[in-house]
Amino acid sequence: MSVLYRNLVRPVLFLQDSESIHNRTLRMLAFAAHHKSLRALTKAIYGASEKPLEVFRLKFPNPVGLAAGMDKFAAALPIWECLGFGFTELGGVTWHTQPGNEKPRMFRAIPDRALINRMGFNNPGAEAMARTLAEWKGSGNWPKHPVGVNLGKSKTTPLEKAAEDYANSFRALRDYADFFVVNVSSPNTPNLRQLQEKAALDEILVALQQINTAPKKPILVKIAPDLSFEAIDEILDLATQRQLAGIVATNTTIARPQSSDQKVQSIYAQTGGLSGAPLRERSTEIIRHIHKQTAGKLPIIGVGGIFTAADAREKLEAGASLLQIYTSLVYEGPAIVKTIVAGLR
Ligand SMILES: Cc1cc2nc3c(=O)[nH]c(=O)nc-3n(C[C@H](O)[C@H](O)[C@H](O)COP(=O)(O)O)c2cc1C
């Protein structure tokens, strides 16, 4: 199936601009998500085998989840489990509706199996997202696997008011999702990554935990691969104090690999975060570091450059409990989850 996708479908899709094809695919998946027969067909073709596990008191049918950024509007929510995913992370969502950065803002470096994006949190805003999630709940088609929401900061909110911005989104969405990810690591909102600094992050986590009343929702922090181990250790200091459920490692990187290919070089000159194969090693290194520093006690969602079962196993062996993919879904097509999960058994 992946061979068919790679040799027949992908070349046609890749003739089009990266974001246009993303939007078209999402519309198709959203259509399928609304129709029982199409959901059943998708599941029959792409559904993954069970490899159940429990992490932060949630039950996952398998460890491979959809990474944040793919379904920012929750437009296709029920389809992701039909595509074999063991969990879905929706968003990034911000308190205010935002259009994101000017287009073009998503680029493919095909020979390197990488993407660069500077989307800048284009999203409907937390309240609109809550309404969409309420509709999915009401439809009876809510997925059986855990659903998380990735929270970002609105561009117009100054850094000093960040805690309030995250708290507003969390309050609006708290009842709908099973877990939340505080995203302080996107390179595409000016200065956002300064919120990874201990005092600033602490303020956000305090604000969230204050309104995280029973039943308490697991709250994780997503970090950048560009942090030093010392900076990561500062974040880990907050884990116990602020009852973090885990760390998502990692977001995209602002670093660029070497390339002798001129086309790739021109893509790498674009501003934004790099994802995909070139991110794999650094992300695994960070997972290994967190696992060591926390003596394996803090759950880690490993994300960055997972294309194969071997890549997935590498991250699990480094200490990740759960995994996520984004870029490999674009490059390898919809059979990828099933293939990875089968390879993990
Ligand atoms: C187009 C695009 C949009 C993304 N948007 C978000 C986002 O809103 N929030 C977030 O935390 N991560 C976002 N990410 C990062 C991914 O969730 C993931 O951490 C990163 O792409 C590395 O995984 P991958 O190599 O499997 O793609 C985005 C990635 C891409 C390519």
Side-chain angles (χ1 to χ4, degrees), residues 17-23 25-26 64-74 85 87-94 98 100-101 103-109 112-124 126 129 148-155 166 169 180-189 192-193 195-196 220-226 247-255 257 267 270 272-284 286-287 300-308 311-312 314-315 320 322-332 336-337 340:
D17 151 73
S18 206
E19 187 172 350
S20 310
I21 189 58
H22 172 89
N23 291 341
T25 308
L26 251 289
V64 182
L66 179 74
M70 181 65 78
D71 197 356
K72 285 173 186 276
F73 292 73
F85 285 103
F87 62 108
T88 298
E89 186 176 328
L90 300 168
V93 186
T94 56
Q98 357 183 106
N101 290 323
K103 295 176 188 171
R105 52 192 181 178
M106 200 199 283
F107 309 89
R108 291 182 289 254
D112 282 10
R113 295 182 300 163
L115 295 174
I116 292 200
N117 90 83
R118 51 167 179 269
M119 304 302 287
F121 290 146
N122 55 308
N123 81 96
M129 171 69 105
V149 172
N150 183 279
L151 301 177
K153 181 190 76 67
S154 311
K155 189 176 178 186
Y166 282 94
S169 297
F180 288 84
V181 177
V182 179
N183 176 10
V184 279
S185 46
S186 165
N188 302 316
T189 295
L192 182 86
R193 301 188 321 158
L195 297 173
Q196 292 177 117
L220 295 86
V221 171
K222 184 163 179 179
I223 63 170
D226 310 309
I247 301 285
V248 184
T250 65
N251 212 315
T252 55
T253 177
I254 54 167
I267 299 292
Q270 293 287 345
L274 172 82
S275 61
L279 180 59
R280 197 199 86 233
E281 225 175 288
R282 177 63 184 163
S283 145
T284 302
I286 288 179
I287 292 163
I300 303 164
I301 301 184
V303 51
I306 300 173
F307 281 72
T308 64
D311 299 339
E314 174 188 275
K315 284 205 168 28
L322 295 164
L323 306 167
Q324 288 179 323
I325 61 170
Y326 186 129
T327 304
S328 58
L329 184 60
V330 174
Y331 278 95
E332 302 295 319
I336 188 162
V337 189
I340 292 177

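Counting starts at 1 for both ligands and their atoms, in listed order. Basis for what follows: all heavy atoms, side chains included, without hydrogens, waters or symmetry-related copies.
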Q: For a quick check under 3.5 Å, do Asn183 and Ser185 share a side-chain donor-acceptor pair by atom type?
A: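 Note: Asn183 and Ser185 side chains meet the donor-acceptor criterion.
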Q: Suppose I only count heavy atoms of Leu279 and a 4.0 Å limit; which atoms of ligand 1 are within that range?
A: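 Matching atoms, with element in brackets: 22 (C).
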Q: Can a donor-acceptor pair be found between the side chains of Ser20 and Asn23 at a distance below 3.5 Å?
A: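 Not at all, the side chains of Ser20 and Asn23 share no donor-acceptor pair under 3.5 Å.
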Q: What are the atoms of ligand 1, with element, lying closer than 4.0 Å to any heavy atom of Asn150?
A: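 Answer for ligand 1: 9 (N), 10 (C), 11 (O).
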Q: Has Glu332 got a side-chain atom pairing as donor or acceptor with Phe307's backbone, closer than 3.5 angstrom?
A: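 Here the side-chain-to-backbone pair does not exist.
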Q: Give the atom numbers and elements of ligand 1 that come within less than 4.0 Å of a heavy atom of Lys222.
A: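 Ligand 1 atoms under the 4.0 Å threshold to Lys222: 10 (C), 11 (O), 12 (N), 15 (C), 16 (C), 17 (O), 18 (C), 19 (O).
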Q: Does only the side chain of Lys72 get under 4.0 Å from ligand 1, or the backbone, or both, or neither? Count heavy atoms.
A: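 The answer is the side chain.
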Q: Please indicate whether any nitrogen or oxygen in Ile306 is less than 3.5 Å from any nitrogen or oxygen in ligand 1.
A: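 In this structure, Ile306 places no N or O atom under 3.5 Å from an N or O of ligand 1.
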Q: Heavy atoms only, cut-off 4.0 Å: how does Thr327 contact ligand 1, side chain, backbone, both, or neither?
A: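 For Thr327, the contact with ligand 1 is made by both the backbone and the side chain.
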Q: Atoms of ligand 1 less than 4.0 Å from Val303 heavy atoms?
A: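 In order of number, 18 (C), 19 (O), 22 (C), 23 (O).
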Q: Can you sort out which atoms of ligand 1 are near Thr250, meaning under 4.0 Å from one of its heavy atoms?
A: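 Every atom of ligand 1 under 4.0 Å from some heavy atom of Thr250: 19 (O).
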Q: Short list, please: which atoms of ligand 1 are under 4.0 Å from a heavy atom of Gly305?
A: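 In order of numbering, the contacting atoms are 24 (P), 25 (O), 26 (O).
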Q: Check ligand 1 against Ile325 and write out every atom of the ligand that is under 4.0 Å from a heavy-atom position of the residue.
A: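 So the atoms of ligand 1 that pass are 26 (O).
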Q: I'd like to check the salt bridge (Lys or Arg N to Asp or Glu O under 4.0 Å) partners of Asp226; sequence neighbours left out, ordered by chain and number.
A: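 Per chain and number, Asp226 pairs via salt bridge (Lys or Arg N to Asp or Glu O under 4.0 Å) with Arg193.
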Q: Which option wins on minimum heavy-atom distance to atom 4 (C) of ligand 1: Ala67, Gly69, Gly302, Ala277?
A: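 The residue whose heavy atom sits nearest atom 4 (C) of ligand 1 is Gly69.
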Q: Within the 4.0 Å heavy-atom shell around Phe121, which atoms of ligand 1 are there?
A: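 Listed by number with element: 8 (O).
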Q: Please state which part of Val181 comes within less than 4.0 Å of ligand 1, counting heavy atoms only: side chain, backbone, both or neither.
A: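 Val181 to ligand 1: no contact under 4.0 Å from either part.
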Q: Just to be sure I read this right, does ligand 1 sit under 4.0 Å from the backbone of Asn251, its side chain, both, or neither, counting only heavy atoms?
A: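 For Asn251, the contact with ligand 1 is made by both the backbone and the side chain.
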